[in-house]
Amino acid sequence: MIAAASTFAMIAIAVSILLNLYRLWAGPDATDRILALDTMVINAIGLIVLAGILFGTTIYFEAALLFAMVGFISTVAFCKFLLRGNVIE
């Protein structure tokens, strides 16, 4: 039962990543592209966590935490670059 639910969830997240790729490609301005990239990071974290549940190992959860930290820092850096023109003051 868990395998079927995990497979369905992975397919749903994969579809949402494809929709985010469209927004990343066709976004009218940079803020839409940054939001699409941040949403793609969140979806990728969901895929990693689902893989951890499906395979029954805990290493995937640690990888998801690392990916979340890198995604957060990159989103903050992109937004700071758009607002100020530089990242490091």
Side-chain angles (χ1 to χ4, degrees):
M1 188 68 185
I2 246 346
S6 298
T7 304
F8 178 75
M10 282 187 178
I11 291 170
I13 292 175
V15 168
S16 68
I17 286 177
L18 289 175
L19 292 171
N20 283 325
L21 278 173
Y22 171 73
R23 178 51 52 200
L24 188 66
W25 179 72
D29 55 353
T31 55
D32 288 332
R33 290 187 171 104
I34 289 174
L35 286 174
L37 193 62
D38 187 45
T39 308
M40 280 179 56
V41 168
I42 292 170
N43 288 333
I45 292 167
L47 280 177
I48 293 170
V49 168
L50 278 172
I53 291 170
L54 189 61
F55 296 134
T57 62
T58 58
I59 193 74
Y60 289 101
F61 302 119
E62 293 173 9
L65 284 173
L66 290 172
F67 202 67
M69 286 189 293
V70 170
F72 174 74
I73 295 297
S74 65
T75 302
V76 169
F78 278 140
C79 290
K80 193 172 180 181
F81 178 74
L82 282 180
L83 287 175
R84 297 186 184 160
N86 62 356
V87 177
I88 300 173
E89 295 175 353

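Bear in mind the structure is a predicted one, so any value in this text is a computation, not a measurement.
Linking Ile, Leu, Val, Met, Phe, Trp and Tyr whenever their side-chain heavy atoms come within less than 4.5 Å leaves Ile11 and Phe8 in two separate clusters. By the criterion of side-chain heavy atoms lying less than 4.5 angstrom apart, applied directly or through intervening Ile, Leu, Val, Met, Phe, Trp or Tyr residues, Phe72 is not grouped with Ile45; the two fall into different hydrophobic clusters. Met10 and Phe55 end up in different hydrophobic clusters when Ile, Leu, Val, Met, Phe, Trp and Tyr side chains are linked at under 4.5 Å. Residues Val41 and Tyr60 share a hydrophobic cluster, clusters being chains of Ile/Leu/Val/Met/Phe/Trp/Tyr side chains in contact below 4.5 Å. The same ILVMFWY cluster, assembled from side-chain heavy atoms under 4.5 Å apart, contains both Leu50 and Ile17.
The CG atom of Leu82 sits 4.0 Å away from the CD1 atom of Ile34 when rounded to the nearest 0.5 Å. Put simply, CG on Leu19 and CE on Met40 are 11.0 Å apart, with the number rounded to the nearest 0.5 Å. Rounded to the nearest 0.5 Å, atoms CG (Leu37) and CZ (Arg33) are 11.5 Å apart. Atoms OG and CG, from Ser6 and Leu47 in turn, are 11.0 Å apart once rounded to the nearest 0.5 Å. Atoms CZ and CD1, on Phe67 and Ile42 in that order, are 11.0 Å from each other to the nearest 0.5 Å.
Taking the side chain as every heavy atom from C-beta outward, Asp29 and Asp32 approach each other to under 4.5 Å. Inter-residue side-chain proximity for Glu62 and Leu65 is flagged as unmet; no heavy-atom pair is nearer than 4.5 Å.
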Can Thr75 and Asp38 be said to form a side-chain hydrogen bond (donor to acceptor under 3.5 Å, both in side chains), step by step? CA-CA 6 Å; Thr75 302; Asp38 187 45; 3.0 Å; yes
I would like to know whether Phe61 and Ile53 meet side chain to side chain contact (heavy atoms under 4.5 Å, CB included); could you show each step before the answer? CA-CA 9 Å; Phe61 302 119; Ile53 291 170; 4.1 Å; yes
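For the 3.5 Å distance criterion, the side chains of Ser16 and Asn43 qualify, holding a donor opposite an acceptor.
Side-chain N or O atoms of Arg23 include none that pairs as donor or acceptor with a backbone N or O of Ala36 at under 3.5 Å.
Within a 6.0 Å radius of CG in Leu83, other residues, nucleotides and ligands contribute more than 12 heavy atoms.
When all heavy atoms are compared, the tightest approach of Gly46 to Ile13 is C-CD1, 4.1 Å.
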